[in-house]
Student: 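Got a structure for you, written out below as structure tokens; questions coming shortly.
Note that ligands are numbered from 1 as they come in the structure, with each ligand's atoms numbered from 1 the same way. All values derive from a computational prediction rather than experimental measurement.
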Amino acid sequence: MNLILLGAPGAGKGTQAEVICDHLNIPAISTGNIIREALKNGTELGLKAKSYMDSGALVPDEVVIDIIKERLSKDDCQNGFILDGFPRTVPQAEALDAMGVKIDKVIDIEVADEKIMKRLSGRRVCQECGASYHIDYKPSKVEGKCDKCNGETVLRKDDHPDTIKERLEVYHEQTEPLKDYYAKTGKLTIVEGQEEVKDTTALTLKALEA
Ligand code: AMP
């Protein structure tokens, strides 16, 4: 099954992508994670993307389209995949269509902006392994340390309140139109993000079967 997860930054796409990945045994592909990894490794892609990412803007379409083209050509995608954070603009969705990629389902996770502000500003991410925590909802056992690898957990640069505001604006302007784009194809299912992750997960799994 080829799936797309839509939703604002902080709506919980990454968590749900992991759940589906385990459930269907298909890879979850996050363009944000690929770009962050490139940044960490100081590659040309990372350098190109850094200023956009830090300010909360989107990386140019042609850069992320190239990333996805390459990633989807790998063997592990041949039985299906979950796209988390791609497409984020109508031209990216059109590029996916032009590549001949058939999408079976699009799940849009909806969460109000105020909740997203609270979630992202309290999020802490392990610098080593990328595991995600929240200072109120999911604290690590030792403050500032990752439970999994003991790496340092930090506030992502783009999770600072001003940058979150910018990311939400970008989302409403450039990404939200994708709801219409996929509603027209009849592939869109909306999941209302819940307070408890397990409740959102139950709705996501139900959406997969619908
Ligand atoms: P994420 O972790 O998905 O919130 O992505 C973090 C940042 O990476 C975004 O704010 C963008 O700067 C960049 N990014 C990730 N995916 C895309 C995409 N599909 N198009 C443009 N920029 C992206």
Student: Give a yes-or-no answer on whether the side chains of Thr153 and Gln127 include a donor-acceptor pair shorter than 3.5 Å.
Tutor: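 The criterion, which ignores hydrogens and geometry beyond distance, is not satisfied for Gln127 and Thr153.
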Student: Below 4.0 Å from any atom of ligand 1, is there a heavy atom belonging to Arg156?
Tutor: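 Under 4.0 Å: yes for Arg156.
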Student: Check whether Ser132 reaches the backbone of Val125 with its side chain - one donor and one acceptor, N or O, closer than 3.5 Å.
Tutor: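 Judged by distance alone, no pair lies under 3.5 Å.
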Student: Using a 4.0 Å cut-off to any heavy atom of Ile35, which atoms of ligand 1 qualify?
Tutor: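 Contacts of ligand 1 toward Ile35, numbered from 1: 13 (C), 14 (N), 15 (C).
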Student: What residue and atom, counting heavy atoms only, is the protein's closest point to atom 20 (N) of ligand 1, and at what distance?
Tutor: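 The protein heavy atom lying closest is Gln92 NE2, 2.9 Å.
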Student: Among Ala57, Ser30, Gly32, which one has a heavy atom closest to atom 10 (O) of ligand 1?
Tutor: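 When every heavy atom of Ala57, Ser30, Gly32 is considered, Ala57 comes closest to atom 10 (O) of ligand 1.
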Student: Looking only at protein heavy atoms, identify the closest one to atom 16 (N) of ligand 1 and say how far it is in Å.
Tutor: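 So the nearest neighbour among protein heavy atoms is Thr31 OG1, 2.8 Å.
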Student: Heavy atoms, side chains only, cut-off 4.5 Å: are Leu3 and Leu208 in contact?
Tutor: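 Of all side-chain heavy-atom pairs linking Leu208 with Leu3, at least one is under 4.5 Å.
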Student: Counting only nitrogen or oxygen atoms and a 3.5 angstrom limit, does Leu58 reach ligand 1?
Tutor: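 Such a contact does not occur with ligand 1.
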Student: Name the closest protein heavy atom to atom 1 (P) of ligand 1, giving the residue it belongs to and the distance to 0.1 Å.
Tutor: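 So the nearest neighbour among protein heavy atoms is Arg88 NH2, 3.5 Å.
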Student: With a 4.0 Å cut-off on heavy atoms, is Lys13 touching ligand 1?
Tutor: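 Checking ligand 1 against Lys13, which is what was asked, there is no heavy-atom contact under 4.0 Å.
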Student: Under a 4.0 Å N-O cut-off, is there an ion pair linking Arg156 with Asp158?
Tutor: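 Salt bridge between Arg156 and Asp158, a charged N being under 4.0 Å from a carboxylate O: yes.
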Student: Quick one: which of Met53, Arg167, Glu166, Gln174 has a heavy atom closest to atom 7 (C) of ligand 1?
Tutor: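 Minimum heavy-atom distance to atom 7 (C) of ligand 1 goes to Met53.
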Student: Considering only protein heavy atoms, which is closest to atom 22 (N) of ligand 1, and at what distance to one decimal place?
Tutor: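 Among all protein heavy atoms, the one nearest atom 22 (N) of ligand 1 is Val59 N, 3.0 Å.
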Student: Ignoring hydrogens and angles, tell me if any N or O in the side chain of Ser140 forms a donor-acceptor pair with the backbone of Lys145 under 3.5 Å.
Tutor: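 Confirmed, Ser140 side chain pairs with Lys145 backbone.
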Student: When you check the gap from the basic side-chain N to the acidic O, do Arg119 and Asp136 get nearer than 4.0 Å?
Tutor: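 Salt bridge between Arg119 and Asp136, a charged N being under 4.0 Å from a carboxylate O: no.
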Student: Any carboxylate oxygen within less than 4.0 angstrom of a Lys/Arg side-chain nitrogen, looking at Lys165 and Asp113?
Tutor: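 Result for this pair is no, no salt bridge flagged.
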